[in-house]
Protein chains: 2
Amino acid sequence: MITGKNYIGNKLSALGTISHKTINPKLNIENTTEFIEATFEEIEEAAQLASEAFKVFRKVSGVQKAAFLNAIANEILVLDQELINAYTTESGLPEGRALGERGRTIMQLKSFADLVSNEDWKGNKFDAAIPDRQPLPKDDLRKTVTPLGPVVVFGASNFPFAFSTAGGDTASALAAGCPVIVKAHEMHSGTSELVASAIIKAAEKTGMPNGVFSHLSGRGPIVGSALVNHSKVKAVGFTGSINAGRAIFNLASKREEPIPVYAEMGSINPVIITPLAIANRGEAIASTYAGSITVGTGQFCTNPGLIITTENDKTEDFIQDLANKTVAIEPQCMLHPNIKAGYNKNEASVTSQEGVKTVAKIEGELKNNFVASAIASVSGANFLANPKIHQEVFGPFSLVVKSKDEDQLVAIIEALEGQLTGTIIAEKEDIENLTDIVDALTNRVGRIIFNGVPTGVEVCPSMHHGGPYPASSDSKFTSVGVDAIYRWVRPVSYQSFPTELLPESLKNN
Amino acid sequence: MITGKNYIGNKLSALGTISHKTINPKLNIENTTEFIEATFEEIEEAAQLASEAFKVFRKVSGVQKAAFLNAIANEILVLDQELINAYTTESGLPEGRALGERGRTIMQLKSFADLVSNEDWKGNKFDAAIPDRQPLPKDDLRKTVTPLGPVVVFGASNFPFAFSTAGGDTASALAAGCPVIVKAHEMHSGTSELVASAIIKAAEKTGMPNGVFSHLSGRGPIVGSALVNHSKVKAVGFTGSINAGRAIFNLASKREEPIPVYAEMGSINPVIITPLAIANRGEAIASTYAGSITVGTGQFCTNPGLIITTENDKTEDFIQDLANKTVAIEPQCMLHPNIKAGYNKNEASVTSQEGVKTVAKIEGELKNNFVASAIASVSGANFLANPKIHQEVFGPFSLVVKSKDEDQLVAIIEALEGQLTGTIIAEKEDIENLTDIVDALTNRVGRIIFNGVPTGVEVCPSMHHGGPYPASSDSKFTSVGVDAIYRWVRPVSYQSFPTELLPESLKNN
């Protein structure tokens with residue numbers, strides 16, 4: 001049952017007077033529950049509890065943490081249709097997506113459980129003593145990792161399950177041994193509270209210390225800012241817009257003790273399509289990309305917002321075909337009136353820049369929060385001249401850039417800000433001419449895809465989901481895949497230590 | 001020959017009008033060369049050259065980079081006595097230290113050469129494709145690392161070789177594939193220029209692109225700030241004070257594109273000594289620590305500035321013995337009049353706080369930049385009540401804190417800011433009672449030593465030299481040992497890539 005209260009550790013709490021309701025975007029009406037914003041007193045209590053819980057939780061064995069994570073997965077499944085209904089009601093996303101994303105979330109929890117059920121992930125290193133080394137003896141030295149401390153996770157608007165309350169940030173932080181305080185995303189506070197109840201139940205059932213998890217509501221920046229500024233908080237996980245992510249990064253950097261912020265932010269995910277690929281299979285590419293641009297109403301961080309090709313006599317036909325296929329897909333609902341407003345504003349901003357032409361856009365009136373997909377095009381010269389054209393349009397929109405030659409195409413890639421992904425669509429015969437493009441992309445993105453689509457982020461060890469700023473605030477770390485755990489730990493060396501006092505995983509080499 | 005000019009890539013350049021001279025601290029006289037501060041034009045040229053060089057250097061093979069690093073080591077040795085003389089003249093440190101530190105620097109260069117001469121260090125990961133997976137096929141995915149781009153390295157006052165021009169930061173950044181621009185430390189500009197000439201020679205002999213290394217002089221923050229703010233610079237390495245390190249961190253965090261700063265800053269390196277250890281071998285501990293406190297005039301980042309013990313009837317005798325032994329060691333010279341002034345100011349500040357008692361301090365007049373070693377003591381209650389007592393006194397000084405019981409001792413550790421190291425001096429019989437102390441230390445430091453001294457940082461894979469803020473700006477990374485290379489790279493994934501376009505190290509699983 002959704003109560004509208006905060007979880008301060010195990011305890012439901014609602015001391016505050018400010019509240020908000022979520023919105024059903026498909027119907028554009030308010031949902032019924034009032035969510036009470038956490039007070040400073042509640043924030044303080046959650047942080048203190050997390051700090052106390054950390055003293056115990058950091059020493060909990062990997063096997064016990066795995067049991068906790070698996071129990072969270074189980075309790076989420078127990079919530080069953082109530083949870084799926086909350087998700088669809090608050091997000092406007094279809095039930096199939098809710099089920100798929102729930103499956104992904106469960107899989108993430110289980111993959112971190114598997115990861116920490118043995119000690120391999122710690123990458124421990126051992127240097128044996130050399131007592132008779134000249135001129136000085138060498139001491140025994142062993143290195144492992146230790147968790148940072150309490151972590152604040154911000155729920156993401158566009159993934160109410162997989163990047164929110166029990167999503168990848170929370171799962172990886174708990175796996176690392178860090179207590180988590182979730183700031184629920186205000187657009188799906190009810191979904192978030194239900195998932196939080198599953199985490200609390202799992203913590204109780206597996207004997208985790210009170211305070212290992214708390215869940216706070218709030219609209220606007222007040223609760224989040226207080227959490228990021230709290231001295232007991234040692235790291236932050238965030239998925240969302242550049243503006244919000246940068247604001248959190250700035251707060252964290254200005255603290256007396258700066259803390260790391262792992263913010264996964266904006267990306268337009270450039271896709272380079274060669275003229276030969278267009279000539280050989282332009283129609284198939286247009287179909288695939290019309291799907292990728294509109295899937296989930298374009299509300300994925302890997303949405304292909306920029307397509308670049310070298311212009312020839314087939315280019316305009318391809319662009320028109322892509323545009324026609326994109327607008328032929330039935331319009332879908334966005335997550336929230338604010339997201340819809342942002343889409344319309346940014347789409348209008350980009351398409352009003354000099355030289356940008358709207359090739360096709362869904363016309364006619366659309367009900368509630370449904371939006372009009374669109375494809376625009378621009379010359380390489382205009383794109384290079386105006387950074388306003390580079391901005392992300394979060395939603396079912398893509399801009400095709402027509403470069404005059406391959407040098408200009410490489411210059412366009414080099415002029416881009418950091419990106420999560422880059423994609424190359426090419427033929428076998430193109431390969432020997434793609435080196436410069438691959439080099440330029442490698443320097444701008446975190447993942448390069450060949451003849452595929454950027455949407456759909458596999459959860460596996462080789463996945464890197466993070467890129468140079470502003471795609472991520474720290475390009476060294478991924479927010480998807482088991483390596484995401486390394487955001488929440490730091491190394492510690494033990495020199496000449498007696499076995500009895502070493503952490504378990506360092507006792508035997 | 002020391003020219004006083006900057007290296008803008010391969011070219012000696014001195015367009016500026018501002019200059020400074022270094023000081024011979026033992027004689028307290030100026031050395032003769034005038035070092036011309038780099039102009040904004042020269043800074044711009046160095047950054048542009050580094051950015052151009054990066055396009056080539058990032059693809060240079062590990063074997064070629066190893067040849068470059070080994071050539072640097074060789075060219076440093078070729079400089080022979082001229083370099084050793086510059087070092088001792090500018091630092092006041094003895095020739096034996098110069099030779100030892102040169103040896104360490106050579107060894108660091110060679111260890112990074114060894115590291116990158118094969119691809120193991122990249123930690124590549126491979127996920128095979130599963131074309132018939134349901135509901136969706138799995139693509140082939142491979143992950144490696146790629147260098148960040150041009151790196152700025154600030155020379156450290158206290159290690160003119162090992163943490164300066166061709167020190168660990170430069171060696172690891174070049175090994176990673178990042179061009180380096182060194183901002184020479186103004187206290188040893190001549191030593192720095194000579195080492196820079198060795199790097200330039202090595203780059204030319206091994207065919208590295210012009211701009212892979214530049215070397216800029218300047219007193220004060222102007223040159224350094226311009227470098228940190230330059231859009232072509234992608235990361236910073238620094239060893240020095242908290243004030244300077246934090247200023248650089250703040251600049252880098254406020255950039256339009258924030259960049260990582262790896263600053264190794266202040267540390268007082270707490271040493272916990274049990275009453276039983278004092279009872280059994282207090283005199284030997286006092287001898288060892290008198291040496292560790294004064295070695296290198298206390299100018300090591302791992303200098304033991306804080307000793308904590310639980311008070312009993314033997315405590316005062318131990319403290320007096322430690323103090324007597326410390327002041328019995330002949331006074332030594334500090335690196336610079338400013339460093340001496342800082343020592344005297346901070347020592348006076350700590351010893352003037354309520355409850356702090358100077359137990360012994362070298363008396364009488366000391367010539368030039370020689371300073372008086374000192375030992376002070378304070379009660380646990382006073383220490384806990386006043387953070388001003390926690391401040392680092394960079395130099396041959398240590399404060400002994402007498403805690404009233406073990407709970408207070410743990411509270412003292414928990415109240416400390418982040419530290420590079422923590423040390424426990426204890427007997428076998430103490431071990432079963434040390435768990436809380438080890439836990440508290442693990443949460444505050446980057447390396448814990450048992451029955452040893454924190455000074456002397458082994459260069460090996462298990463070494464972690466970095467701790468929670470303010471010991472380091474990023475506790476996840478070490479500045480000593482081969483893992484220091486990971487500061488300068490980020491992961492990149494390749495999805496469904498044709499073999500011909502993959503980086504060499506990803507071509508075969």
Side-chain angles (χ1 to χ4, degrees), chain A residues 55 58-59 125-127 136 138-139 141-143 146 148-149 249-250 253 257-258 260 417-418 428 431-432 434-435 438-439 442-443 445-452 456 458 460-464 466 468-470 473-476 478 483 486 489-498 500-501, chain B residues 55 58-59 125-127 136 138-139 141-143 146 148-149 249-250 253 257-258 260 417-418 428 431-432 434-435 438-439 442-443 445-452 456 458 460-464 466 468-470 473-476 478 483 486 489-498 500-501:
Chain A
K55 291 183 186 174
R58 60 190 287 273
K59 297 186 78 177
K125 293 192 176 179
F126 299 83
D127 282 281
L136 286 169
K138 181 176 178 178
D139 287 348
L141 207 65
R142 299 161 188 234
K143 183 161 72 175
T146 193
L148 296 181
F249 173 86
N250 288 347
S253 303
E257 176 196 358
E417 296 182 297
K428 240 189 162 61
I431 286 179
E432 59 181 338
L434 290 174
T435 309
V438 172
D439 285 351
T442 299
N443 207 28
V445 314
R447 175 168 58 111
I448 316 185
I449 302 109
F450 195 81
N451 281 338
E458 188 73 39
C460 67
S462 302
M463 173 53 65
H464 184 65
Y469 185 89
S473 55
D474 188 336
S475 64
K476 290 193 161 61
T478 180
D483 285 357
Y486 298 111
V489 296
R490 63 180 173 85
V492 185
S493 293
Y494 294 84
Q495 185 170 336
S496 305
F497 244 58
E500 304 92 306
L501 289 173
Chain B
K55 290 184 185 172
R58 59 189 287 272
K59 296 186 80 176
K125 293 191 176 178
F126 300 83
D127 281 281
L136 287 168
K138 180 175 178 177
D139 287 348
L141 207 66
R142 300 161 189 233
K143 182 161 71 172
T146 194
L148 296 181
F249 174 87
N250 287 347
S253 303
E257 177 196 358
E417 296 181 296
K428 241 192 161 57
I431 287 178
E432 60 180 338
L434 290 172
T435 309
V438 173
D439 284 352
T442 300
N443 207 29
V445 313
R447 175 169 58 110
I448 316 185
I449 302 109
F450 194 80
N451 281 339
E458 189 74 39
C460 67
S462 302
M463 174 52 66
H464 184 65
Y469 185 89
S473 56
D474 188 336
S475 65
K476 289 193 162 61
T478 181
D483 284 357
Y486 298 111
V489 296
R490 64 180 173 84
V492 186
S493 292
Y494 294 84
Q495 185 171 336
S496 304
F497 244 59
E500 304 92 307
L501 290 174

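We name chains A, B, ... by the order of the sequence lines, and we start the count at 1 in each one.
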Tell me, out of [options], who's got the most heavy-atom pairs with chain A below 4.5 Å.
{"options": "B:K125, B:K476, B:R447", "value": "B:K476"}
{"options": "B:D139, B:D474, B:V445", "value": "B:V445"}
{"options": "B:S473, B:P468, B:G149", "value": "B:P468"}
{"options": "B:S496, B:P491, B:P260", "value": "B:P491"}
{"options": "B:K138, B:E417, B:K55", "value": "B:K138"}

Which atoms of [X] are under 4.5 Å from chain A, going by heavy atoms: the side chain, the backbone, both sets, or neither?
{"X": "B:K59", "value": "side chain"}
{"X": "B:V492", "value": "both"}
{"X": "B:N443", "value": "both"}
{"X": "B:P470", "value": "neither"}

Does any donor atom in the side chain of B:Y494 or A:T442 lie under 3.5 Å from an acceptor atom in the other side chain? yes

Original post:
Can B:M463 and A:L141 be said to form a side chain to side chain contact (heavy atoms under 4.5 Å, CB included), step by step?
Top reply: CA-CA 7 Å; B:M463 174 52 66; A:L141 207 65; 3.6 Å; yes

With chain B, the option among A:G456, A:G446, A:G418 that has the most non-hydrogen atom pairs under 4.5 Å is A:G446

From the list A:T435, A:V489, A:I431, A:T478, the residue making the most non-hydrogen contacts under 4.5 Å with chain B is A:I431

Check your understanding: Given B:L434 and A:E500, is the side chain to side chain contact (heavy atoms under 4.5 Å, CB included) satisfied, shown in steps?
Key -> CA-CA 10 Å; B:L434 290 172; A:E500 304 92 306; over 6 Å; no

Kindly give the heavy-atom pair with the smallest separation between [X] and [Y], and that separation in Å.
{"X": "A:S462", "Y": "B:S493", "value": "O-OG, 2.6 Å"}
{"X": "B:F497", "Y": "A:I449", "value": "CE1-C, 4.1 Å"}
{"X": "B:S253", "Y": "A:F249", "value": "O-CE2, 3.5 Å"}

One should read off an interatomic distance between A:H464 NE2 and B:R490 CZ, to the nearest 0.5 angstrom, of 7.0 Å

- State, with a plain yes or no, whether a side-chain heavy atom of A:E458 is found less than 4.5 Å away from one of B:D127. no

For residues B:P498 and A:N451, determine if any side-chain heavy atom of one lies less than 4.5 Å from a side-chain heavy atom of the other.
no

